There are 2 protein chains.
Amino acid sequence: MTAMAPARTEPDLSFLLDHTSHVLRTRMAAALAEIGLTARMHCVLVHALEEERTQIQLAEIGDMDKTTMVVTVDALEESGLAERRPSTRDRRARIIAVTEEGARLAARSQEIVDRVHEEALGALPTEERAVLLRALNRLVDGHLATPVDSSQPARRARQRGR
Amino acid sequence: MTAMAPARTEPDLSFLLDHTSHVLRTRMAAALAEIGLTARMHCVLVHALEEERTQIQLAEIGDMDKTTMVVTVDALEESGLAERRPSTRDRRARIIAVTEEGARLAARSQEIVDRVHEEALGALPTEERAVLLRALNRLVDGHLATPVDSSQPARRARQRGR
DNA sequence: TATTGTTATACTCTATAACTATA
DNA sequence: TATAGTTATAGAGTATAACAATA
């Protein structure tokens, strides 16, 4: 399934956001897949290039679990795009160092990301486009800043003794 | 994980849409859970009330798989909110008939949906709000209308003989 | 032959738990 | 004690396959 359907006549914000984000996500995934990247790999590459960062730091930036980060970095290493290096400050931590090939690919993937966004917004009048981005930013900073912590956790605690 | 992080300097449409839709979805789920509904149950109730509809028709409207529809209707029946009735036109099909209690609850759930949308948009100036909805509608009708059909299927075909 | 609805289940995704090593 | 990273795996969500009844 993709999203909740428009339950009515008035514009349905849930449907609009779900649908647009879902479609954009599939387009982005398809475009990045052409150069062998996932959105997460792109995200990690770009932020690892900015400065020396550990896996945990990159996980926080990308809003990933640390275990998800492990598999993402595994993929980057297998593709020769990044390497784990021991941090000199903290011997528990690993710095993610982007290789030359990784840096080249990151430049290309950023172009792809920008292009996909351009294409998505292409149909909008310039002014409407600016207002859209401003409004979405306001939502992100405002009432839609943080998810409610659902009383029903994503997954029940593992039962003891198993 | 929630969404791809802002990879940027410029406003990142992917991040904005993913984040807002995700947060709104959790808020909607939490609000509807207070009256024992999921977003899907609400969606089915509302559209089943509009006119006589079969499971397949409701599944299409809600963009659900027919197997997902089965469990959604199961939940509605168990809660006494809807019933399956054989279609008089097509004996394969089942009409989803909303009970009186279901109709009452659907009215309440629609209020909840509207309220959650109101709250989300509350921070926006009236004009910006109108432009946002218009712009999102344009995206839905335009380049973000349909997802690319990913070359890699969601799930590989079941291997034969198993 | 195709379609509606159903059951059963396989697959993906991601978080939890438990662990090692360091702090 | 707490944290970084790792492995293994549980659980949720959802689509696929196969089927029965009917078109």
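Note that the structure is a prediction, hence the values are computed from the model and not measured.
Side-chain atoms of Ala93(B) lie closest to dT4(C) of the nucleotides dT6(D), dT14(C), dT4(C).
Rounding to whole angstrom units, CZ of residue Arg53(B) and C1' of dT4(C) are separated by 17 Å. Note: CD1 (Ile56(B)) to C1' (dA21(D)) measures 14 Å, nearest angstrom. Atom CG in Asp65(B) sits about 15 Å away from atom P in dT3(C), given to the nearest Å. Look at CD on Glu77(B): it is 12 Å from C1' on dG5(C), rounded to the nearest Å. Note: CD (Gln55(B)) to P (dT4(C)) measures 11 Å, nearest angstrom. We find that CZ of Arg92(B) is positioned 16 Å from P of dA20(D), with the value rounded to whole Å. Going from atom CZ of Arg91(B) over to atom C1' of dG5(C) covers 15 Å, rounded to whole Å. Distance, Met64(B) CE to dG13(D) P: 14 Å, rounded to whole Å.
No single ILVMFWY cluster, assembled from side-chain heavy atoms under 4.5 Å apart, contains both Ile95(A) and Leu45(A).
Gln57(B) has no side-chain polar atom (N or O) that falls below the 4.0 Å cut-off from OP1 or OP2 of dT4(C). Dashed line: the shortest gap from a side-chain N or O of Thr67(A) to OP1 or OP2 of dT7(D) is not under 4.0 Å. Under 4.0 angstrom from either OP1 or OP2 of dG5(D) there lies no side-chain N or O belonging to Arg85(A). Between Arg94(A) and dT22(C) there is no side-chain N or O to OP1 or OP2 distance below 4.0 Å.
The distance from atom OG of Ser21(B) to atom CG of Leu13(A), rounded to the nearest 0.5 Å, is 9.5 Å. Distance check, rounded to the nearest 0.5 Å: CD1 of Ile61(B) to CZ of Arg53(B) gives 3.5 Å. To the nearest 0.5 Å, the span separating CG on Leu24(B) from CZ on Phe15(A) amounts to 13.5 Å.
Counting all heavy atoms, side chain and backbone alike, Met64(B) lies closest to Arg40(B) at SD-CD, 3.5 Å.
Within the nucleic acid shown, Thr54(A) comes within 4.0 Å of sugar-phosphate atoms alone, with no base atom in reach, counting heavy atoms only.
Residue Asp90(B) is the one, among Lys66(A) and Asp90(B), whose nearest nucleotide of DNA chain C lies closer to the 5' end (criterion: closest heavy atom).
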